[in-house]
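Worksheet: one structure, shown below.
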Amino acid sequence: MAELTYREAVAAGIAQEMERDELVVFLGEDVAAAGGVFKSTVGLLERFGPKRVRDCPISEQAIIGAAMGAAMTGLKPIAEIMFSDFLAVCWDMVANEIAKTRYMTNGQIQLPLVIRTANGAGSRFGAQHSQAVENWAMAVPGLKVVAPSTPADVKGLVAAAVRDPDPVIVFEQKSLYAVKGEVPDGEHVDVLGKAKVLREGKDCTVVALALMVPRALEAAAILEKEHGISCTVVDVRSLVPLDTQTILAEVAKTGRLVTVEENPRLCGWGAEIASIVADECFWSLDGPIVRITTPHVPLPSADQLEDATIPSVARIVREIREKMD
Amino acid sequence: MAELTYREAVAAGIAQEMERDELVVFLGEDVAAAGGVFKSTVGLLERFGPKRVRDCPISEQAIIGAAMGAAMTGLKPIAEIMFSDFLAVCWDMVANEIAKTRYMTNGQIQLPLVIRTANGAGSRFGAQHSQAVENWAMAVPGLKVVAPSTPADVKGLVAAAVRDPDPVIVFEQKSLYAVKGEVPDGEHVDVLGKAKVLREGKDCTVVALALMVPRALEAAAILEKEHGISCTVVDVRSLVPLDTQTILAEVAKTGRLVTVEENPRLCGWGAEIASIVADECFWSLDGPIVRITTPHVPLPSADQLEDATIPSVARIVREIREKMD
Amino acid sequence: MDAKAKGKKAGAADDIGRETRLELYRLQVELRHCEKRAHDLFLQNLVKGTSHLSLGQEAIAAAFGVAMRPDDWTFCTYRGHAHTLARGASMSGVLGELMGRECGLLGGKGGSMHLTDVSKGAMGSYAIIGAHLPVAAGAAWSAQYRGTEQVAVCFFGDGTTNIGAFHEALNFAAVWKLPVVYVCENNLYMEYTPIASVTAVEKPAADRAAAYGLESVVVDGNDADEVYRTAVKYMERARKGGGPALIEAVTYRHSGHSRADPAKYRPEGELEKWLERDPLKIYRARLLKLGVAEATLKDIEDESMRKVDEATAIAKASPPPALEAIEKNVWADGGAAWRN
Amino acid sequence: MDAKAKGKKAGAADDIGRETRLELYRLQVELRHCEKRAHDLFLQNLVKGTSHLSLGQEAIAAAFGVAMRPDDWTFCTYRGHAHTLARGASMSGVLGELMGRECGLLGGKGGSMHLTDVSKGAMGSYAIIGAHLPVAAGAAWSAQYRGTEQVAVCFFGDGTTNIGAFHEALNFAAVWKLPVVYVCENNLYMEYTPIASVTAVEKPAADRAAAYGLESVVVDGNDADEVYRTAVKYMERARKGGGPALIEAVTYRHSGHSRADPAKYRPEGELEKWLERDPLKIYRARLLKLGVAEATLKDIEDESMRKVDEATAIAKASPPPALEAIEKNVWADGGAAWRN
Ligand SMILES: Cc1ncc(C[n+]2csc(CCOP(=O)(O)OP(=O)(O)O)c2C)c(N)n1
Ligand SMILES: Cc1ncc(C[n+]2csc(CCOP(=O)(O)OP(=O)(O)O)c2C)c(N)n1
Ligand SMILES: [Mg+2]
Ligand SMILES: [Mg+2]
């Protein structure tokens, strides 16, 4: 096992797949010569050359459209959208073209492509560069969606996304890029659609994603130690496909569900999970379902404001305590 | 009371507000000389002239951007996006610019504008012209969102949207344009953020929107008559602001919640409502929360397929019966 | 607009052989008959959704259809019946799709605006303005990457030149020197609005070519020979690494924008003027002048009508799609599961 | 690229009075000092988010700042400190916003990329490439509609010319003859990528002007007088109903793209060459040559430094915003409620 940062693990995942398969190509803005604005693709140009690793104009529609056209004719493109907020600029390509084409053509066109993007808050960049928008993608039929929380997961899920025959969007969390973690040596490929149970508890099942996972774990430790509340923590990892078996099973065991979401409140992924649990797991529930989310506001930029807006460890602890009373 | 079609009521709502306030202007593609592809703006050009009613190039970003620039400098624009699917083409303008600008500028910039768009299925137009995407808009902080189900409501809510100082998106349902209904004579202005209880029942509260409202009502009549199940039916009407008071009160009375949504399953507005109810109304619930939605697929175009994809009266009846047993 | 941007006539010298010319005629006739049939079927309420006919614009689809290599790729719009047929897609598949039948090219799941036949290189019809221009660039990139000398051809309308994706795709294709030929069919209108009233230049595509370092090319879109020569020229150049082209073919649609449109917005006499310049009329006269026998043409026409009748019968006999299709083919595994 | 598209030098004859020239110098100096201070504050870890400096590009913001009427509107990008200050926005408000303080122009809610001061006509800084070009057109529409003779001026970079919104806005503004002046500051790079490597034409804005029926205008963006003359000319034309303009001002940024960027991608000697053409250096020399006393310039410089020091002190003394701000000002009622 080597210790890598999350950003290094992204590059390692891409490199592993480009090494394996010549049809894998990578494109985006400032990704090649500069190695990406988050330095998550450093070294790829040097290793795979300018034919396979390409810098693009500021043309997100062209980038994603080109990835789509290349994918339907035999390549396996990985396209980077620098900040996930910019998905809005090419949302038609993502939500109306890529997501629907296989279905509309009754399976004639296959789109083995990956869109990677830096998602979420923590960098004081303000409301146009900091949103968590994984729920936008989850809402669109025809897209697979993952949001890894560790270096090992990001490497393995990027690799799995490249190998998957369907379009996959990988949401990388900006605030996790500098985080270090063990990554398995050699080829590492994960599986789409599997949640991970990171901690087992008796009182409450906490379901979290991406940056909220380490926070949920920390909160669970505090709740256990200081308040005697014992929490299961599930890392959802993949929003589509969604591992409802794991989630339902873990909620059934504790009788309570708390979601911890970075996305703003309305129509967040937690709402979907809550609605599934409230239907299929209703009779096992011992109390209300609780959602802890970013409030339904655009994100403020000042450091104190931003920190106080997205769910913090302290807020998770406080809300779970209050609701478990 | 005059009887108007839903499409006539749209034009009547716009005309009422343009008559009242010279600062109200209207722009879109094929909206002026042609009166709109759904004929929902017939007569406006003749009545208010080419300075106030303007045909635009196929440039959705320019149309919505221009509405934004005009709104921040004193006009009150109404912009049409022909099909709601095309919101994806200008999603950056809607979700990143219009929704966030007031917040980011700490209230300096005000955006009194309306975006109207034809939403939803029923016309056999295929997956790129038939989606129900009201949940896309609901998920974005800073947007108000309404989806009227009757001619009276569409007139009154369009008028309310024009008068509201914030950006409002009006989702008009394509399949309702030809529907007739009574519309109050004279000035008619509704209120944003109010749900309507259309029918009171004892066993179950059915919450629906737009095209699903008449279907829910019809289903409720059948359930009552043929199966002895008595349903409350609530027309949500406004997703943001959301009238949670009415919804929670009605669910508390019956102990059951069923949402009927045209949007595809994942992260639909019904998920949000389900999560609110599962938290705040948990102890009043007598059974699982049920969501009846379009399955999570792009829409097929053939008539039989399309009809079988979105929730039908028969399916609503069947699912409620099964779940109420 | 200044004169220099007005473009030049492309291709003129090289001759076109008799066989090619007959093929060009055959294809135009077939597209015409099939579109007319689509219209009839609509009047019989057998076409359920919308439909956008190419009546009057057949020369363009036909000329490219004849000029393209079988492994080249076509990308077109909702107004794509002709372009799809011109690549050799099954006519019953096209009519069946319009009618929402199981035999449709897309099994009834896509509809008239999304005709696709990958086996013939018809890589899809796109119904949101502009979106397929970047997609075509991507296909061209894939050909370039793999060195296959395939060319992507992308058809769109005059109205499409005002949307952002047009601009992004053209610049992208030019910078990467991609083997893609963009063909703007300027039929003077977007839906119901005259293109001149919403466009800053006179020739919506050609006057913008220079913005991408490309030549300004305008052709008579109602003259199949002229379109054919231009197609050959720029496709060959693209094939050999010469990069993209942007061709503006001026034409006119005889019917309304879509089945819902009676086209009342046209100035009086405009349609009549263009009917004089009907591509089939022009081409038939030319063939006769070139010495082709009337009987040869008549045979082509009759044969084409038989083909249309046959396709219609097959489509009419085809059942509606099974309801199971609804939850099929979202994913490559054939299904639609979003959860375990 | 062909010669005809290369554009012509705009404005040259008319003279600029001494007072205006001193004002142009004063403003350039002030923008320079303030940007340098922003950089210092960043090194002291007092600027919390990102920041994009205009060092080296001050002549453009200053020239327009002087040329604009107080009720004209500015739309700019994340690289907008200079443009906002040039309209007269409070310097402590700008620095305070960069530092995330309560005294910031946006109360700390927007950050360095969104500087806005509506009271001065600074209608926002937009951080997603291209978005503000249509918005500026909309403001111009509002001026045209109400007959106020206001002009909207919209600044953006070379990289922005390749995104769809650029194209849509320019066509829209041209067709509606809107009073908006688009100013492309061509500083040769997008973030870290040379613009030439991703753009099909040499002059990313000017070579596209013809695509919107507009004149090709290229100016030396490091010469405040040249920019000023051009600004006056096209703003006046727009004010009188002559429609939009697209001006390409060639310039260079002395620092990296943003605070995170050491700008190692530049070829050796490039920065040095451009430092020779530093707009302040050029302008100072010109004023001396025109007979302005060294002491007058020195006074301006000292006064500007005092102003920056004062603004810094105010910003540093300002507290962080109260946490209640988080749920304020989503809606016009001042709140953030999405439910009752
Ligand atoms: C983004 C988008 N905006 C609007 C439409 C609605 N629409 C469909 S066809 C059309 C006109 C297109 O005109 P043109 O490009 O000239 O093609 P033509 O129909 O004339 O072949 C419009 C506006 C659309 N499909 N997509
Ligand atoms: C749609 C979009 N894509 C990418 C970015 C990231 N980005 C920020 S600045 C920038 C470069 C812009 O270059 P240019 O327009 O030349 O302006 P400059 O920074 O040189 O002033 C990029 C790519 C963005 N903000 N928005
Ligand atoms: Mg057209
Ligand atoms: Mg630049």
Side-chain angles (χ1 to χ4, degrees), chain B residues 22-23 25 27 51-52 54 56-75 77 89-90 92-93 96-113 138 141-142 144 164-166 193-195 239-247 276, chain D residues 73 75 104-111 113-119 123-128 130-146 148 150 152 164-165 167-173 175-176 178 180 321 325 328-334 336-340:
Chain B
E22 262 225 327
L23 296 174
V25 290
L27 76 168
K51 193 181 166 193
R52 297 181 67 191
R54 301 199 66 159
C56 295
I58 310 178
S59 306
E60 279 79 4
Q61 293 187 74
I63 292 169
I64 298 301
M68 176 175 172
M72 68 169 72
T73 53
L75 300 189
V89 171
C90 52
D92 177 57
M93 300 308 312
N96 284 328
E97 313 299 337
I98 287 175
K100 295 178 180 166
T101 290
R102 168 169 247 284
Y103 189 79
M104 293 194 301
T105 63
N106 205 16
Q108 287 188 63
I109 290 179
Q110 191 126 322
L111 295 173
L113 63 85
M138 187 182 187
K144 294 181 177 172
D164 196 85
D166 293 311
K194 286 280 160 238
L239 293 173
V240 182
L242 185 66
D243 186 357
T244 53
Q245 277 176 8
T246 298
I247 294 166
I276 295 168
Chain D
W73 294 307
F75 293 84
L105 284 182
L106 318 168
K109 286 174 77 172
M113 299 206 279
H114 299 291
L115 300 176
T116 304
D117 186 346
V118 169
S119 72
M123 303 304 284
S125 304
Y126 297 77
I128 299 191
H132 62 310
L133 277 74
V135 181
W141 174 33
S142 154
Q144 182 190 60
Y145 183 85
R146 291 174 296 123
T148 59
Q150 288 163 287
H167 179 69
E168 295 193 12
L170 266 288
N171 182 65
F172 193 92
V175 173
W176 288 22
L178 298 176
V180 52
K328 280 195 181 144
N329 271 325
V330 171
W331 309 123
D333 67 9
W338 53 268
R339 60 179 286 185
N340 58 8

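Residue numbers begin at 1 in each chain, while the letters A, B, ... track the order of the sequences.
For Asp117(D), there are no salt bridge (Lys or Arg N to Asp or Glu O under 4.0 Å) partners at least two apart in sequence or on another chain.
The main-chain N or O of Leu242(B) is never found under 3.5 Å from a side-chain atom of Arg339(D) such that the two would form a donor-acceptor pair. Glu97(B) places no side-chain N or O within donor-acceptor distance of the main-chain N or O of Ile128(D), the cut-off being under 3.5 Å.
Atom CD of Gln144(D) is separated from atom NZ of Lys51(B) by 8.0 Å, given to the nearest 0.5 angstrom. Atom NZ of Lys109(D) is separated from atom CD of Gln108(B) by 11.5 Å, given to the nearest 0.5 angstrom. The distance from the SG atom of Cys56(B) to the CG atom of Asn171(D) is 11.0 Å, given to the nearest 0.5 Å. Distance check: Met104(B) CE to Asn329(D) CG gives 12.5 Å after rounding to the nearest 0.5 Å. One distance of note links NZ of Lys328(D) with CG of Asn106(B); it measures 9.0 Å at 0.5 Å rounding. With rounding to the nearest 0.5 angstrom, the OG1 atom of Thr244(B) is 6.5 Å from the CH2 atom of Trp338(D).
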Side chain to side chain contact (heavy atoms under 4.5 Å, CB included) assessment of Arg54(B) paired with Trp176(D):
CA-CA 10 Å; Arg54(B) 301 199 66 159; Trp176(D) 288 22; 3.4 Å; yes

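In the model, Thr73(B) has a side-chain atom that pairs as donor or acceptor with a side-chain atom of Ser142(D) under 3.5 Å.
Neither the backbone nor the side chain of Ala127(D) comes within contact range of chain B; no heavy atoms are under 4.5 Å apart. There is no contact between Val175(D) and chain B, counting heavy-atom distances below 4.5 Å. Heavy-atom distances place no part of Ala136(D) under 4.5 Å from chain B, backbone and side chain included.
Interface check for chain B: of the options Leu133(D), Thr148(D), Val330(D), the most heavy-atom pairs under 4.5 Å are formed by Val330(D).
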